[in-house]
Amino acid sequence: MIVRAMSSSTQPIKTVAIIGSGLMGSGIAQVAAASGHKVTVVDQSQEIVDKASASIQKSLGRVVKKKFPDDSKAQQTYIADVMSHLSLQTDAVDAVKSADLVIEAIVENLDVKKSLFSSLDKAAPPHTIFASNTSSIPIKDIASSTTRLDRFGGLHFFNPVPVMKLVEVIRIPETSDETYSALEAFGKAVGKTTVQCKDTPGFIVNRLLVPYMMEAVRLVERGEATPRDVDIAMKLGAGYPMGPFELSDYVGLDTMKFIIDGWMEREPNNPLFSKSELLNKLVAEGKLGVKSGEGFYPYNKK
Ligand SMILES: CCCCCCC[C@H](O)CC(=O)SCCNC(=O)CCNC(=O)[C@H](O)C(C)(C)COP(=O)([O-])OP(=O)([O-])OC[C@H]1O[C@@H](n2cnc3c(N)ncnc32)[C@H](O)[C@@H]1OP(=O)([O-])[O-]
Ligand SMILES: NC(=O)c1ccc[n+]([C@@H]2O[C@H](COP(=O)([O-])OP(=O)(O)OC[C@H]3O[C@@H](n4cnc5c(N)ncnc54)[C@H](O)[C@@H]3O)[C@@H](O)[C@H]2O)c1
């Protein structure tokens with residue numbers, strides 16, 4: 001049964017709960033707090049949210065160096081001000097009770113996302129809008145776990161969130177115009193350019209990016225070139241800021257595997273989304289990219 005919101009969701013979004021404090025959740029939290037929203041970030045353990053807090057402060061350190069190049073006092077004040085808009089905790093149900101908007105940025109797995117949203121749906125006030133930052137799962141499949149389809153959409157941010165200027169705003173057929181406008185306004189309020197896309201696999205960017213990245217992996221699997229040479233070629237020959245292997249390590253090979261596995265399940269006969277032995281092997285070995293210290297390339301462990 002769909003319960004429609006009594007109050008209009010055209011009210012500007014002031015309080016935001018972000019579930020998942022990994023690469024994306026912490027980046028979204030940073031830009032939301034920096035634009036004056038009251039933000040609560042949730043993850044599964046205190047250790048994880050502490051790590052997220054440190055990574056947000058580190059990223060803010062890079063922002064202030066550019067914003068206030070020769071003024072260390074202004075740098076400190078800015079960081080303290082942004083951090084004062086942020087709280088981090090481990091109880092998602094509690095966090096959504098006062099949220100105007102909930103953004104989910106947890107692991108790319110439909111069942112886990114559905115289970116989370118189903119419990120949050122019971123706890124959040126009627127006016128609260130839900131959004132998923134999924135890379136590839138149909139928004140309608142995630143939204144089906146709730147009773148607020150009219151207040152559900154996709155907000156697809158890009159990594160690294162503080163730097164990448166785009167947000168894809170996704171609507172399902174049930175998404176109300178008020179919800180869509182509120183999501184679009186939020187994307188702009190956090191300083192991004194928004195584009196609209198229907199709930200189509202991969203939306204705009206990943207529909208093009210995922211086949212490209214998987215083709216790069218397959219090219220290497222066939223022994224036709226090394227990751228290093230593919231990366232050099234795509235940077236110098238096609239003008240990409242990172243080659244596909246550098247980008248894979250940056251995105252996270254576990255997330256990449258979740259994306260491709262889910263896509264293959266939905267489109268089993270499409271060779272663009274067939275699995276990769278090399279990717280599966282690296283993930284099985286715990287080589288998840290920059291975040292684990294090694295992926296296609298080794299990194300300095302922090
Ligand atoms: C199966 C396939 C899977 C597909 C996966 C899809 C995943 C997903 O759904 C979609 C995506 O996100 S797709 C992924 C989409 N993403 C891409 O495609 C990313 C492609 N890569 C890039 O755009 C660039 O390499 C970077 C911007 C990452 C780094 O730039 P660089 O020049 O190599 O190195 P630099 O000089 O160090 O940094 C430059 C400036 O950025 C600043 N800064 C950096 N990180 C920061 C942070 N965390 N905080 C704050 N600031 C940060 C830094 O301070 C500097 O500022 P300045 O003022 O200029 O001094
Ligand atoms: N990595 C990228 O480049 C990228 C870009 C855009 C979108 N996305 C999407 O964003 C989402 C998150 O990706 P990420 O790269 O930040 O992943 P990540 O692995 O860095 O972080 C995911 C976080 O979610 C937490 N988590 C898992 N289940 C949870 C639960 N039930 N409750 C609370 N926290 C939980 C994990 O502890 C982890 O900290 C995925 O849907 C992914 O597809 C990723």
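Just so it is clear, the values below take in all heavy atoms, side chains as well, and ignore hydrogens, waters and symmetry mates. It should be emphasised that the depicted structure is a prediction, and the values quoted were computed from it without experimental measurement. Order of appearance sets the numbers: ligands from 1, and atoms from 1 within every ligand.
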query = What residue and heavy atom of the protein are closest to atom 13 (S) of ligand 1, and at what distance?
reply = L209 CD2, 3.5 Å
inquiry  = Go through it in stages, so that I can follow the logic: the residues are S274 and R218, the test is side-chain hydrogen bond (donor to acceptor under 3.5 Å, both in side chains), and I'd like the CA-CA distance, side-chain angles, deciding distance and then a yes or no.
reply    = CA-CA 10 Å; S274 62; R218 284 190 265 272; 3.1 Å; yes
ask   = Given M24, M256, K291, which one has a non-hydrogen atom that is nearest to atom 19 (O) of ligand 2?
value = K291
query = How far is atom 41 (O) of ligand 1 from its nearest protein heavy atom, and which residue and atom name does that atom have?
reply = V163 CG2, 3.7 Å
ask   = Considering all protein heavy atoms, does one lie under 4.0 Å from atom 22 (C) of ligand 1?
value = yes
task = For H156, counting its heavy atoms only, list the atoms of ligand 2 lying under 4.0 Å from any of them.
result = 6 (C), 7 (C)
task = Could you tell me whether the side chain of T179 and the main chain of F152 form a donor-acceptor pair under 3.5 Å?
result = no
ask   = Which atoms of ligand 1 sit under 4.0 Å from any heavy atom of P241?
value = 20 (C), 21 (N), 22 (C), 23 (O)
ask   = Can T134 and K113 be counted as having a side-chain donor-acceptor contact under 3.5 angstrom?
value = no
request  = Please report which non-hydrogen protein atom sits nearest to atom 49 (N) of ligand 1, along with the residue it belongs to and the distance in Å to one decimal place.
outcome  = S59 OG, 2.5 Å
inquiry  = Starting from atom 18 (O) of ligand 1, what is the nearest protein heavy atom, named by residue and atom, and what distance separates them?
reply    = L247 CD1, 3.6 Å
task = Using distance alone, decide if ligand 2 has a nitrogen or oxygen within less than 3.5 Å of any nitrogen or oxygen in D43.
result = yes
query = Heavy-atom contacts under 4.0 Å between K65 and ligand 1: side chain, backbone, both, or neither?
reply = neither
query = Is there at least one protein heavy-atom neighbour under 4.0 Å from atom 60 (O) of ligand 1?
reply = no
query = In ligand 2, which numbered atoms sit nearer than 4.0 Å to a non-hydrogen atom of T255?
reply = 15 (O), 42 (C), 43 (O)
inquiry  = Below 4.0 angstrom, counting only protein heavy atoms, does anything approach atom 30 (O) of ligand 1?
reply    = no
ask   = Between M164 and ligand 1, which part of the residue brings a heavy atom under 4.0 Å of the ligand: side chain, backbone, both or neither?
value = side chain
query = Quick one: does V42 get an N or O within less than 3.5 Å of an N or O on ligand 2?
reply = no
inquiry  = In the structure I gave you, are the side-chain heavy atoms of M83 and L86 within less than 4.5 Å of one another anywhere?
reply    = yes
note = Atoms of ligand 2 under 4.0 Å from any heavy atom of E108, numbered from 1 in the order shown, are 40 (C), 41 (O), 42 (C), 43 (O)
Any N or O of Q44 closer than 3.5 Å to N or O of ligand 2 = yes
query = What is the nearest protein non-hydrogen atom to atom 40 (C) of ligand 2, stated with its residue, atom name and distance?
reply = I106 O, 3.2 Å
ask   = So, the side chain of S21 versus the backbone of V41: is there a donor-acceptor pair under 3.5 Å, distance only?
value = no
inquiry  = Would S21 count as a polar contact of ligand 2, with the cut-off being nitrogen or oxygen pairs under 3.5 Å?
reply    = no
inquiry  = Between ligand 2 and K113, is the shortest N or O to N or O distance under 3.5 Å?
reply    = yes
query = So, for atom 9 (O) of ligand 1, does the protein have a heavy atom nearer than 4.0 Å?
reply = yes
ask   = If Ile, Leu, Val, Met, Phe, Trp and Tyr residues are connected whenever their side-chain heavy atoms lie under 4.5 Å apart, and connections chain through other members, are V93 and F130 in the same group?
value = yes
ask   = With a cut-off of 4.0 Å, which atoms of ligand 1 are near a heavy atom of P160?
value = 28 (C), 48 (N)
key: Where L116 and A92 come nearest, the two heavy atoms and their spacing   = CD1-CB, 4.3 Å
Donor-acceptor contact below 3.5 Å, side chain H37 vs main chain T15 = no
inquiry  = Can you report which non-hydrogen protein atom sits closest to atom 6 (C) of ligand 1, along with the distance?
reply    = N206 OD1, 3.4 Å
query = Would you say ligand 2 has an N or O under 3.5 Å from any N or O of L23?
reply = yes
message = Can you check atom 26 (C) of ligand 1: any protein non-hydrogen atom closer than 4.0 Å?
response = no
task = Please report which non-hydrogen protein atom sits nearest to atom 10 (O) of ligand 2, along with the residue it belongs to and the distance in Å to one decimal place.
result = N133 ND2, 3.0 Å
request  = With L183 as reference, evaluate I170, I103, V169, V167 under the side chain to side chain contact (heavy atoms under 4.5 Å, CB included) test and give the passing residue.
outcome  = V169
Centroid-centroid under 6.0 Å between Y250 and F245 rings = no
request  = Please answer: with hydrophobic residues joined when any side-chain heavy atoms are less than 4.5 Å apart, are W263 and V205 in the same cluster?
outcome  = yes
request  = Within a distance under 4.0 Å of any heavy atom of T134, pick out the atoms of ligand 2 and give their elements.
outcome  = 41 (O)
task = Measure from atom 36 (O) of ligand 1 to the protein's non-hydrogen atoms and state whether any distance is below 4.0 Å.
result = no
key: Shortest protein contact, atom 3 (C) of ligand 1 (heavy atom only)   = M256 CG, 3.5 Å
inquiry  = Looking at non-hydrogen atoms alone, which of V107, N159, D91 comes nearest to atom 3 (O) of ligand 2?
reply    = N159
task = Examine E104 against ligand 2 and note whether any of their N/O atoms are separated by less than 3.5 Å.
result = no
message = Regarding atom 38 (O) of ligand 1: of the candidates K257, R62, K67, K58, which has the closest heavy atom?
response = R62
message = Show me which atoms of ligand 1 lie under 4.0 Å from any heavy atom of M242.
response = 20 (C), 21 (N), 25 (O), 28 (C)
For atom 22 (C) of ligand 2, closest protein heavy-atom neighbour = A105 O, 3.9 Å
inquiry  = Yes or no: does V210 have any heavy atom under 4.0 Å from an atom of ligand 1?
reply    = yes
message = Heavy-atom distances under 4.0 Å decide this one: backbone, side chain, both or neither, for V251 against ligand 2?
response = both
request  = Specify side chain, backbone, both or neither for I259, according to which of its non-hydrogen atoms lie closer than 4.0 Å to ligand 2.
outcome  = neither
Proximity winner for atom 7 (C) of ligand 2, if only heavy atoms of S136, G25, S135 are counted = S135
query = For ligand 1, which atoms, with element, lie under 4.0 Å from some heavy atom of M213?
reply = 4 (C)
Any non-hydrogen protein atom less than 4.0 Å away from atom 55 (C) of ligand 1 = no
Enumerated ligand 1 atoms positioned under 4.0 Å from heavy atoms of P162 = 49 (N), 50 (C)
ask   = Can you list the atoms of ligand 2 that are under 4.0 Å from a heavy atom of I48?
value = 37 (O), 39 (O)
query = Should the proximity of F157 to ligand 2, defined as any heavy atom under 4.0 Å, be assigned to the side chain, the backbone, both, or neither?
reply = backbone
key: Short side-chain donor-acceptor distance under 3.5 Å, Q44 and T90   = no
note = atom 11 (C) of ligand 1: of F157, F158, Y250, the nearest heavy atom sits on F158
ask   = Is it the side chain (CB and beyond), the backbone, both or neither of T255 that lies under 4.0 Å from ligand 1, heavy atoms counted?
value = neither
ask   = Where does I19 meet ligand 2, judged by heavy-atom distances below 4.0 Å: at the side chain, the backbone, both, or neither?
value = side chain
ask   = N159 to ligand 1: N or O pair under 3.5 Å?
value = yes
query = What are the two closest heavy atoms between G243 and K235, and how far apart are they?
reply = N-CG, 3.6 Å
query = Can you check whether K66 has an N/O within less than 3.5 Å of an N/O in ligand 1?
reply = yes
query = Out of curiosity, does M256 fall in the hydrophobic cluster containing L208 (side-chain heavy atoms, cut-off under 4.5 Å, transitive links)?
reply = no
